[in-house]
Amino acid sequence: MNAVHASALQSVPQLLLHVLGSAEASVTAGLQVVRNAHHGFATASTIALVIQGRAVQFLAANSGLGDEINTALALPGVSVVACENSLRSVGLSVHDLGTGVSSTPAAVVFLAQSQREGWAYVRI
């Protein structure tokens, strides 16, 4: 194993999971991948599930996914992030989001900046 690879293994994994679309099933799949990734990392990790597109509606406080979202958010190092541009497109605001769900003005910028900082990216 080379020094660069060994160094990368010693750092805290940072994983971006990106859901883009309109289906509730896509958000559910993203939440399942969060749980699987959190369980799969041998060390502490930081995982951000970023939701973009019409699927942000399933992050609202009155969504049927509240329990699943809360389960994911209870895992150390996990965040669920809604795109504010997408929220506006479905007639919602950050005030409509469930407890613990954060937001970013533009998912595309959040994703690009995070990748530039070394986060791994997976599209769901």
Side-chain angles (χ1 to χ4, degrees):
M1 179 179 323
N2 65 39
V4 172
H5 187 68
S7 173
L9 290 177
Q10 293 173 2
S11 64
V12 173
Q14 295 175 302
L15 178 60
L16 286 170
L17 299 172
H18 180 205
V19 171
L20 172 62
S22 60
E24 180 177 6
S26 297
V27 177
T28 301
L31 292 165
Q32 180 62 49
V33 172
V34 164
R35 291 188 299 273
N36 292 344
H38 188 271
H39 177 73
F41 285 121
T43 62
S45 58
T46 304
I47 302 169
L49 176 62
V50 181
I51 311 295
Q52 182 181 18
R54 296 190 64 77
V56 295
Q57 66 188 313
F58 302 109
L59 300 179
N62 62 357
S63 163
L65 295 181
D67 289 343
E68 291 182 63
I69 293 167
N70 290 336
T71 298
L73 288 171
L75 299 170
V78 170
S79 61
V80 176
V81 183
C83 173
E84 292 174 19
N85 288 330
S86 297
L87 286 169
R88 279 191 298 281
S89 75
V90 296
L92 297 173
S93 76
V94 295
H95 304 292
D96 297 309
L97 294 172
T99 303
V101 176
S102 60
S103 67
T104 185
V108 67
V109 174
F110 181 88
L111 294 166
Q113 288 175 336
S114 297
Q115 288 178 80
R116 187 172 178 207
E117 294 169 5
W119 289 61
Y121 172 87
V122 176
R123 172 104 179 257
I124 307 296

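Closest approach of F58 to E24, counting heavy atoms only: CE1-N, 3.3 Å. Contact detail for H38 and I47: the closest heavy-atom pair is N-CD1, 3.6 Å. Closest heavy-atom contact between P105 and C83: O-SG, 4.3 Å. Closest of all the heavy-atom pairs between V12 and S45 is CG1-CA, 3.7 Å. Nearest heavy atoms, R54 versus S22: CB-CB, 3.6 Å. For I124 against G30, the heavy-atom pair with the smallest separation is CG2-N, 4.0 Å.
Looking at N70, L59, D96 one by one, the single match for side chain to side chain contact (heavy atoms under 4.5 Å, CB included) with V101 turns out to be L59.
Rounding to the nearest 0.5 Å gives a distance of 11.5 Å between NE2 of H18 and OG of S114.
Enclosure of atom CG in D67 is not indicated, since only 12 or fewer non-hydrogen atoms of other residues, nucleotides or ligands lie within 6.0 angstrom.
Note on V94 and V56: same hydrophobic cluster, where clusters join Ile, Leu, Val, Met, Phe, Trp and Tyr whose side-chain heavy atoms are under 4.5 Å apart, directly or indirectly. Hydrophobic clustering, with ILVMFWY side chains joined whenever heavy atoms are under 4.5 angstrom apart, groups L87 together with V80. Under a hydrophobic-cluster definition in which Ile, Leu, Val, Met, Phe, Trp and Tyr are linked whenever side-chain heavy atoms come within less than 4.5 Å, directly or via other members, V27 and V90 are assigned to the same cluster. One hydrophobic cluster holds both L73 and V34 under the rule that ILVMFWY side chains link at heavy-atom gaps under 4.5 Å. Clustering ILVMFWY residues whenever any of their side-chain heavy atoms sit less than 4.5 angstrom apart, transitively, puts L65 in the very cluster that holds L92.
By the 4.5 Å heavy-atom criterion applied to side chains, S103 and L97 are counted as neighbours. Between I69 and L31, some side-chain heavy-atom pair lies under the 4.5 Å cut-off. Here the side chains of V78 and L49 are not in contact, with every heavy-atom distance at 4.5 Å or above.
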Derivation of the side chain to side chain contact (heavy atoms under 4.5 Å, CB included) call for F110 and L16 | CA-CA 10 Å; F110 181 88; L16 286 170; 3.9 Å; yes
From CA spacing to verdict: side chain to side chain contact (heavy atoms under 4.5 Å, CB included), E68, T28 = CA-CA 8 Å; E68 291 182 63; T28 301; 3.5 Å; yes
Going through the checks in order, is the side chain to side chain contact (heavy atoms under 4.5 Å, CB included) test met by L15 and W119?
-> CA-CA 6 Å; L15 178 60; W119 289 61; 5.5 Å; no
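N85 places no side-chain N or O within donor-acceptor distance of the main-chain N or O of A107, the cut-off being under 3.5 Å.
Remark: the S86 side chain and the Q52 side chain contain no N/O donor-acceptor pair separated by less than 3.5 Å. Between the side chains of Q32 and R35, at least one donor N or O lies within less than 3.5 Å of an accepting N or O.
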